[in-house]
Each structure stands twice: as structure tokens, then as C-alpha cells.
Amino acid sequence: MNNEQESQEIYRPSAEVIAQANVKSYEEMARWAERDLEGFWAAQAEQFTWFQRWNKVLDDSNKPFYRWFTGAKTNIVYNCLDRHLTTWRRNKLALIWEGENGDLRTFSYHALHREVCRFANVLRSMGVRKGDRVTIYMGRVPELPIAMLACAKIGAIHSVVYGGFSVEALHGRIEDSQSNVCITCDGSFMNGKIVELKRIMDEALKRSPTVEHVIVFKRTGHDVPMEQGRDYWWHELMALPITRAAPGSNRNDTEILDAEDPLFMLYTSGTTGKPKAILHTHGGYTVGVGTTLRAVFDLKEEDRWWCAADPGWITGHSYIVYGPLLLGATSFMYEGAPTYPYPNRWWSMVEKYGINVLYCAPTAIRGLMRFGEAWPNRHDLSSLRLLGTVGEPINPEAWRWYYRVIGRERCPIMDTWWQTETGMFMITPLPVMDLKPGSATRPFPGVQADVVDEQGQPVAPGEEGYLVLKTPWPAMLRTIYRDPDRYVQQYWSKYPGMYFTGDSARKDKDGYFWIIGRVDDVIKVSGYRLGTAEIESALVSHPAVAEAAAIGLPHEVKGNAIHAYVILKAGQEPSDALAETLKAHVGHELGPIARPEKITFVPQLPKTRSGKIMRRVLRARALGLPEGDVTTLEE
Ligand code: PRX
């Protein structure tokens with residue numbers, strides 16, 4: 001299908017969906033925000049509780065270090081938990097959780113608040129204070145959000161490391177964040193197997209000996225070593241008539257913070273080997289995340305919302321944990337693999353819990369699509385009202401399948417484009433808009449996105465260019481932790497005054513955005529963001545490897561798969577066995593998601609005269625495409 005046909009395939013949400021939408025008119029809301037950006041966001045901020053109001057909505061006196069709601073006092077946890085306790089929501093379910101083995105746990109707002117208070121006391125008793133960093137490396141259990149919220153409650157900064165990462169990735173993140181306290185699990189269940197989280201943590205800590213305390217939540221119950229004086233069981237700490245901070249208490253005062261105080265940092269991959277810690281703050285993030293979730297997914301009090309991402313990624317932070325709790329909604333969370341024990345697992349849970357809104361990644365849809373329609377068709381999916389996707393472009397075929405087979409042609413699909421850095425949805429439909437399969441549609445009100453050429457000039461409709469953002473937004477990253485220069489250089493220096501996303505896109509004649517993909521050295525594998533340099537440095541850490549280059553090539557289910565080109569050290573012989581060893585080595589160092597699909601041994605790599613590997617040339621060769629401009633190629 002060509003671009004023209006693509007942009008003509010239109011799906012209109014039903015009259016019923018439109019009639020009950022929280023936001024009735026995209027145009028009206030967008031015009032308001034365009035007319036008065038600060039007034040628009042100030043009005044959104046009114047939905048939340050502030051201990052003290054702001055002096056200024058947007059302070060742009062020190063660009064690009066924008067500040068939002070300056071002078072205001074708040075704490076996101078007050079808005080997520082405390083304030084609901086004086087309403088009927090005290091007895092409403094905040095969280096429903098199902099384990100891969102079928103375990104079920106539920107938390108009312110009252111119960112979740114109590115657990116968070118108790119764990120906040122545990123952290124305080126361990127000496128964690130406002131501004132301290134805490135690394136959280138857990139499976140998908142309710143204690144993960146509890147740990148995040150407990151940190152935020154006392155003003156500590158959480159750094160969640162995805163539970164699928166491994167030793168080197170974890171070590172680097174602990175070290176960079178300078179965490180003294182880490183929180184983990186004995187293990188987690190995934191696909192019927194145990195992921196050895198505690199053992200990976202132990203190995204990482206051998207490389208980062210500054211960590212003083214490790215709190216271990218018991219999930220699997222299998223035997224793990226505990227180091228005396230360093231490691232403590234979560235359940236034992238929680239059972240103590242705690243604590244020095246608040247003896248024997250289910251109560252813990254929520255720290256009154258500045259709107260611009262840091263809430264969390266989240267590492268993400270960029271163009272160098274060193275992952276960068278994206279820093280988000282309490283006030284603006286509260287407003288951006290709460291507003292977008294309410295408008296885009298149209299959550300209602302009686303809804304059950306399921307964001308099937310991992311809490312260890314931005315999607316989970318914003319839309320499993322903080323967003324739904326800000327709105328007083330009921331969030332469902334599932335521990336395990338979508339196909340365990342059978343490919344109907346997700347659909348059986350939609351039916352069992354009466355899920356109303358499902359938000360997941362295109363790769364999951366493509367993966368489940370492969371098993372055929374019979375699996376979803378065995379289930380009553382009529383509770384679903386809206387669907388969503390995130391993380392990578394959704395191919396129109398998967399979109400149509402999701403729409404027809406899962407949504408039964410009743411549920412509009414919200415294809416939300418955003419990033420770890422943006423914190424909130426940026427280009428996204430509202431459920432009152434016409435949809436085009438494969439397009440994330442239009443910028444959220446208040447967001448100005450555009451597609452520009454190398455010089456920063458807007459390109460003509462239908463033409464490909466770089467995706468940029470032209471206005472600041474409240475949930476934006478504030479900086480890269482301990483590296484403000486990199487923040488400026490990475491995002492704000494390609495085009496003066498514009499935020500550079502790292503994506504390419506085109507905009508059609510209706511102003512709809514079509515995201516094409518990354519233009520930097522980031523590979524999206526199953527929606528997970530990995531840096532080529534991280535993979536290459538893991539490869540080079542193996543004694544047989546002299547040099548390596550990693551690229552992403554199209555893959556039917558994963559979107560992209562990692563292909564690595566390796567130059568061996570003198571005296572090393574290429575073999576299939578060595579290729580397997582190297583794949584396993586990357587899996588061990590970084591995690592299974594980073595394991596290359598294919599390793600090719602080569603005598604040399606295409607490089608520029610200054611010695612930079614030209615991955616673009618490798619990609620073109622692998623795909624049999626023209627190599628493009630190779631004037632700088634050395635070889
Ligand atoms: O390339 C875009 C892609 O994911 C990148 C951001 O990755 P990450 O920070 O891990 O956050 C993912 C979850 C928000 C973007 O630069 N991306 C994200 N959403 C979409 C997308 N590409 C196309 N369509 C989307 N809806």
C-alpha cells in the first residue's frame with residue numbers, strides 16, 4: 001500500500017464511545033492550549049492537590065532547563081494515595097495482581113497506602129533520606145510499585161532497573177546512580193521458569209561494593225544466599241514493630257516537596273555505551289501523566305485498566321503506577337509471559353477481570369496474532385471499550401487484527417507515541433478522533449510536533465524528516481542525572497529551540513503523524529530500547545572479541561532483531577559454537593532481550609576515516625539496499 005492509500009483508510013470511533021468521552025473535541029482543546037499554553041496546563045493542574053500553589057506555570061528563563069509549577073509544594077504520592085483516603089475510593093481497588101502461577105492479590109486504596117507507609121518506614125529506618133537514590137530490581141510483583149511509591153513518599157529518588165536486564169546493565173546503573181540501598185526479589189516467574197534476580201544482584205554488587213543494604217522480597221521461595229549485615233528479607237522488615245522513624249506504625253508522613261524535586265530517574269539507551277539516567281520531577285509529571293491518561297484512555301471510575309507493559313520501563317512508571325493512581329482508577333498488573341501456559345492467557349484475564357481498557361505493545365500483538373484467532377475467540381472480550389499501543393510503529397496488519405479480533409470492531413485503538421524522556425503521551429489520538437491504522441495521529445493538545453529537514457525547516461506533507469517538538473510540556477525530562485551537558489547536547493543542540501526526538505516521521509496532508517523509526521544508534525527490539533554501543537561493549541568484553549558492530553534488522557514479531565558483526569582476536573577461529581557462546585555472553589551481561597539473533601564473523605568493519613563504525617552501511621548491505629553516501633568510508 002502506498003502512502004496515499006494508507007492515509008485514506010479511516011476508522012471512526014462509534015457514536016457510543018464519542019458520547020461518553022472525557023474530552024469531547026480535540027480541536028477545541030488544542031486551540032485552547034495553543035492560545036494559552038500556561039493557562040491550559042494550569043487548568044489541568046487544578047485536578048490535583050497542592051500543599052502550596054505555584055508562582056509560575058512555566059519558567060523558561062534558563063532554556064533548555066525548563067521548570068514547571070515553580071514555587072508549588074506537592075508530592076505525587078499524596079495525589080496517588082493520601083487524598084483518596086478521605087473519599088469513597090478508600091475501599092476501591094487500586095491494584096489487582098495476578099501471578100504467572102495464578103496467585104491473585106488485590107489492594108484497596110486503603111491497603112496500598114498502608115503497605116506504602118510501612119515500607120517507607122523501613123526505608124527511613126535504613127537511613128534513606130530525601131534526595132537519596134534507591135535502585136529497584138524486581139520482578140512484576142505488587143511490591144515493585146509499593147517500593148516506588150515508598151521512595152517517592154519520603155522524597156527519595158527511585159531508579160528502577162528492568163527485571164529482564166542482567167549483571168553488567170544492573171551494575172552500571174547502580175554505580176551511576178550511587179545508590180546505597182537496593183531492593184530486589186529472590187527471583188521472578190517468567191514462562192514457568194525462575195529468573196535469578198538475587199543472584200544477578202549479588203554478581204552486580206561484587207562490581208559495586210558501595211551498596212550498604214539489599215532488601216529482598218520473597219516471591220519464588222527458592223534458595224538464595226543472603227549476606228549477613230547487608231541483605232534483609234522484606235517480610236521480616238515489614239513485620240518488625242517498626243521503626244526508629246515511626247515506631248510500630250502504619251503511618252508515615254508524606255514529605256512535602258517542591259514541584260521541581262526529583263521523583264525518579266530511569267536509564268535509557270542512547271548513542272553512547274553509557275546509558276543515561278532520565279530525570280523526572282514530582283509536579284509537572286503529575287500533571288502531564290494524569291491529564292493524558294484521563295483524556296486519551298477516557299478512564300471512568302468503574303473501569304478496570306490494564307497496561308501490560310513492565311513497570312521497569314517508562315510505560316509502566318507512567319501508566320501502571322502513577323497515572324492510574326492519580327486518577328483513582330483500578331490498575332491490573334500481570335506477572336508473567338503472555339503465552340503461559342497457553343496463548344489465551346491474556347484473553348482469559350481480560351474475561352476474568354472484566355478489563356475495560358487494554359494498552360500493550362505492537363510486538364505483543366504480533367506475537368499473539370501468530371497463534372491465530374481461535375485463542376481470543378474462546379473468550380468473552382465484551383468488557384473491552386478501548387485499546388492502545390505503544391513502543392514502536394504498529395504495522396497496519398497488526399492494527400487491523402487487534403481492532404477486529406480483540407476489539408470486535410467496537411474499540412478504537414489509541415496508538416500513543418512518546419518516550420522515556422517525554423514522560424507522557426505526546427502524539428496520540430483521543431477517542432473522538434478519526435483513526436488511521438499505523439498512524440499515532442496528532443499531537444496531544446499543548447504539544448507542537450513537526451517533521452523537519454536537516455536544516456530544521458518543515459518538510460512537505462508526505463515527506464520523511466526528523467521528528468521534533470517545539471514547545472515544552474510539563475512531564476518533560478529535566479536533565480540527564482549528573483550530566484546536564486549531555487542533556488543539552490543530545491536533545492537541544494541539533495536545532496536551536498527544538499527538542500530532537502531521535503525519530504524519523506512523516507506528516508500527511510491531514511496533519512497525521514506516521515512514525516518511521518529511530519535515526520540514531522538505538523535499536524527497538526520487541527519495543528525495548530537498546531543501544532548498539534551497549535551491545536558492542538558487551539561483545540568486546542568477551543576475551544575472543546577484538547571489535548564488534550551491532551545493527552537492527554527487520555523481524556516479523558520483534559520489529560527489529562539484533563545482528564552483530566564481530567572481528568575476532570588473532571588466533572581465534574570462527575565457529576558456530578563460538579557464535580553461540582558470544583550470544584550467551586551478551587545475554588548474561590545485559591539480559592536476554594539483548595541477545596543477538598545472529599553473529600557474523602568478519603575480517604573488517606566499514607568505518608569512517610576517523611574510525612567510527614558506519615552501521616548504516618552494514619544495514620544497507622544486509623538488506624541489499626544502496627549504501628547511500630559513502631564518501632567518508634575508509635575501507
Ligand atoms: O522510536 C520511538 C518509539 O519508541 C521510542 C521511545 O522509546 P522508549 O523511551 O523506550 O519509550 C517507549 C515507551 C513510551 C520512540 O523514540 N515509539 C514509542 N511509541 C511509539 C514509537 N514508535 C512508533 N509509534 C509509537 N506509538
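Values below: all heavy atoms of this structure, side chains included; hydrogens, waters and symmetry mates excluded. Counting convention: from 1, in listed order, for ligands and their atoms alike. Note that this is a predicted model, so its numbers are computed, not measured.
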Is there a nitrogen or oxygen of R529 sitting under 3.5 Å from a nitrogen or oxygen of ligand 1?
yes
Within the structure, does I314 bring an N/O atom to less than 3.5 angstrom of an N/O atom in ligand 1?
no
If you scan protein heavy atoms around atom 15 (C) of ligand 1, the nearest is D503 OD2, 3.3 Å
What protein heavy atom is closest to atom 13 (C) of ligand 1, reported as residue, atom name and distance in Å?
T315 OG1, 3.4 Å
Quick test of your reading of the structure: of F425, W418, W514, whose heavy atom lies closest to atom 18 (C) of ligand 1?
W418
For ligand 1, the portion of T420 having any non-hydrogen atom under 4.0 Å away
both
In this structure, is the centre-to-centre distance between the rings of W492 and Y499 below 6.0 Å?
yes
Among T416, T315, T389, which one satisfies side chain to side chain donor-acceptor pair (under 3.5 Å) with Y359?
T416
Is the gap between the ring centers of Y528 and Y162 under 6.0 Å?
yes
Considering only heavy atoms from C-beta outward, does the side chain of E9 approach that of W399 to under 4.5 Å?
no
Any cation-pi pair here, R173 with F165, using under 6.0 Å and within 45°?
yes
Quick one: look at A440 and ligand 1, take heavy-atom pairs under 4.0 Å, and tell me if it's side chain, backbone, both or neither.
neither
For ligand 1, which is the ligand I care about here, please tell me if T501 has any N or O atom under 3.5 Å from one of the ligand's N or O atoms.
no
Expected output: side-chain H280 to main-chain A475 donor-acceptor under 3.5 Å
yes
Report the nearest protein non-hydrogen atom to atom 3 (C) of ligand 1: residue, atom name, distance rounded to 0.1 Å.
G391 O, 3.3 Å
Checking a contact table here: which protein heavy atom is nearest atom 16 (O) of ligand 1, and how many Å away?
R518 NH1, 2.7 Å
Which protein non-hydrogen atom lies closest to atom 12 (C) of ligand 1, naming both residue and atom, and how far is it?
K524 NZ, 3.5 Å
Tell me if the aromatic rings of W305 and F297 count as close, with their centers under 6.0 Å from one another.
yes
So if I apply the ring-ring contact (aromatic ring centres under 6.0 Å, His included) rule between F425 and each of W418, W473, F444, which one comes out positive?
W418
I427 and ligand 1 - part of the residue with a heavy-atom distance under 4.0 Å:
neither
Tell me which part of E392 gets within contact of ligand 1: side chain, backbone, both or neither, using heavy atoms under 4.0 Å.
backbone
